[in-house]
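Structure, as structure tokens:
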Amino acid sequence: MRIERELGQAHLDKDSVLTIGVFDGVHLGHQSLITKVIAEARAQNAAAGVLTFRNHPDSVLNPNFQPQYITSIEERIRLIEELGADFVVPVSFDKEVARLRARKFAELLRSKLRMRGLVVGPDFAMGYKREGDVDTLTTIGAELGFSVSAVDLLSEGGVAVHSTSIRRALVDGSVANAAKKLGRNFAIIGTVVTGDRRGRTLGFPTANIEVRPHMAIPGNGIYATRAFVNGERYMAATSIGTRPTFDGKGRTIEAYLLGFDSNLYNMELRLEFVQRLRDELKFDSVDALLEQMELDVEQTRTLLQA
């Protein structure tokens with residue numbers, strides 16, 4: 001079984017306290033839960049572990065589901081490790097995992113990850129058709145030798161933080177609202193590819209960024225962002241949209257890095273979104289567009305220097 005092989009890649013010399021989930025975004029709610037796992041593990045002299053899924057379970061359970069990931073699996077693992085987890089186990093959710101009964105899943109966690117404790121949110125369930133809710137897992141745990149703790153997720157203004165609400169904020173272009181829920185600026189990572197080179201002829205050479213499929217992207221508009229490339233940070237005015245002034249059709253992500261004049265093609269670039277500046281607009285002339293671009297760059301500089 002593939003999940004057995006993936007779980008077996010973690011080599012532990014002590015028992016563990018685990019939590020399980022997709023944890024897409026590793027937002028404040030996730031951070032609160034994982035922090036509690038770490039505290040429980042320390043109290044038991046155990047290792048704090050996170051089991052996450054490489055892909056969203058709904059992508060297997062629902063053929064019409066189209067994931068929009070807030071973070072890549074690599075970014076997710078990095079963020080979880082930075083919180084202080086001792087180990088992260090990414091597993092692939094497939095039809096075989098979907099058919100696993102809750103007890104069998106728990107037995108695998110006991111044998112492969114030495115699970116002594118499981119800390120989850122109040123609505124957590126695992127196993128075939130979500131049969132393993134908190135009460136069921138508590139009963140299974142009493143038989144197999146692990147405890148189950150259900151904890152409330154962090155809330156913002158009385159409302160629990162969920163990845164879905166962050167995706168909605170991004171679609172609306174509300175990157176500042178998304179940042180409040182994430183506890184950091186939303187970011188995308190992509191490769192700089194060749195575009196139509198129009199920006200260079202206009203005096204604003206932009207990096208055309210191609211991201212992986214199924215990654216969340218903010219709604220169309222102009223944004224003040226920070227760009228990271230080769231370990232250096234730059235202020236950047238970023239446009240997301242179809243370039244309506246030039247009758248563009250394909251959606252693009254283009255970043256103008258202030259003070260950068262080297263070649264970026266085929267390089268990996270990370271963009272952190274700080275604030276939305278305005279809607280994407282169609283201008284009557286190229287001169288009018290250039291005038292607005294000058295204003296966008298200056299507003300970006302003012303915001304990011306503050």
Side-chain angles (χ1 to χ4, degrees), residues 66 68-70 164-182 184-229 233-261 263-265 267 269-306:
Q66 292 293 322
Q68 292 293 306
Y69 295 111
I70 301 167
T164 300
S165 65
I166 297 172
R167 293 189 191 95
R168 290 198 195 103
L170 293 173
V171 169
D172 293 339
S174 302
V175 293
N177 185 22
K180 291 179 182 178
K181 299 175 187 295
L182 288 167
R184 65 184 186 280
N185 291 324
F186 169 75
I188 61 172
I189 300 173
T191 303
V192 179
V193 297
T194 303
D196 56 20
R197 300 178 184 268
R198 185 175 287 115
R200 186 171 298 279
T201 65
L202 297 176
F204 290 92
T206 58
N208 194 310
I209 302 162
E210 184 177 84
V211 300
R212 293 180 185 176
H214 303 302
M215 298 301 297
I217 296 172
N220 291 358
I222 312 302
Y223 297 86
T225 61
R226 291 190 177 93
F228 296 81
V229 60
R233 185 177 75 170
Y234 299 88
M235 295 179 284
T238 298
S239 170
I240 299 178
T242 60
R243 299 163 294 178
T245 302
F246 300 101
D247 295 321
K249 296 180 181 179
R251 193 168 186 240
T252 62
I253 305 170
E254 298 181 72
Y256 172 66
L257 279 60
L258 282 65
F260 187 92
D261 58 3
N263 181 21
L264 283 170
Y265 292 127
M267 298 180 69
L269 188 147
R270 173 188 175 90
L271 276 181
E272 289 188 359
F273 288 76
V274 178
Q275 187 167 315
R276 190 173 192 268
L277 302 181
R278 63 174 175 85
D279 291 339
E280 182 183 40
L281 303 172
K282 182 174 182 178
F283 293 90
D284 294 331
S285 67
V286 172
D287 286 342
L289 170 62
L290 287 172
E291 184 177 345
Q292 181 60 57
M293 290 173 70
E294 292 278 6
L295 294 174
D296 296 337
V297 169
E298 286 309 309
Q299 189 175 2
T300 294
R301 194 190 310 275
T302 299
L303 281 169
L304 300 184
Q305 283 182 338

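Separating the OG1 atom in Thr302 from the CE atom in Met235 is a distance of 9.0 Å, to the nearest 0.5 Å. Separation of atoms CD1 (Ile240) and CD1 (Ile217) is listed at 6.5 Å; rounding is to 0.5 Å.
Panel note: side chain Asn263, backbone Tyr265; a donor-acceptor pair is recorded below 3.5 Å. Remark: the backbone N or O of Glu254 is not paired with any side-chain donor or acceptor of Ser239 at under 3.5 angstrom. A donor-acceptor pair is defined here as one N or O able to donate and one able to accept, closer than 3.5 Å; no such pair exists between the side chain of Ser174 and the backbone of Leu170. Between the side chain of Arg226 and the backbone N or O of Leu271, no donor-acceptor pair lies under 3.5 Å. In this structure, the side chain of Glu280 engages the main chain of Thr242 through a donor-acceptor pair within 3.5 Å. Looking only at distances, no side-chain donor or acceptor of Arg270 sits under 3.5 Å from a matching main-chain atom of Gly190.
Contact record, Ala237 with Thr300: CB-OG1, 3.6 Å, taken as the closest heavy-atom pair. Residues Ala169 and Asn177 share a closest heavy-atom pair of CB-ND2, 3.9 Å. The two residues Glu272 and Ala187 make their nearest non-hydrogen contact at CG-CB, 3.9 Å. Minimum interatomic distance between Ile189 and Val211 (heavy atoms only, all atoms of both residues): O-CG1, 3.7 Å.
Using bins of under 30°, 30° to 60° and over 60° for the plane-to-plane angle, the ring pair Phe186/Phe273 lands in the tilted bin.
Residues Val297 and Leu258 meet the side-chain proximity criterion, which asks for heavy atoms closer than 4.5 Å.
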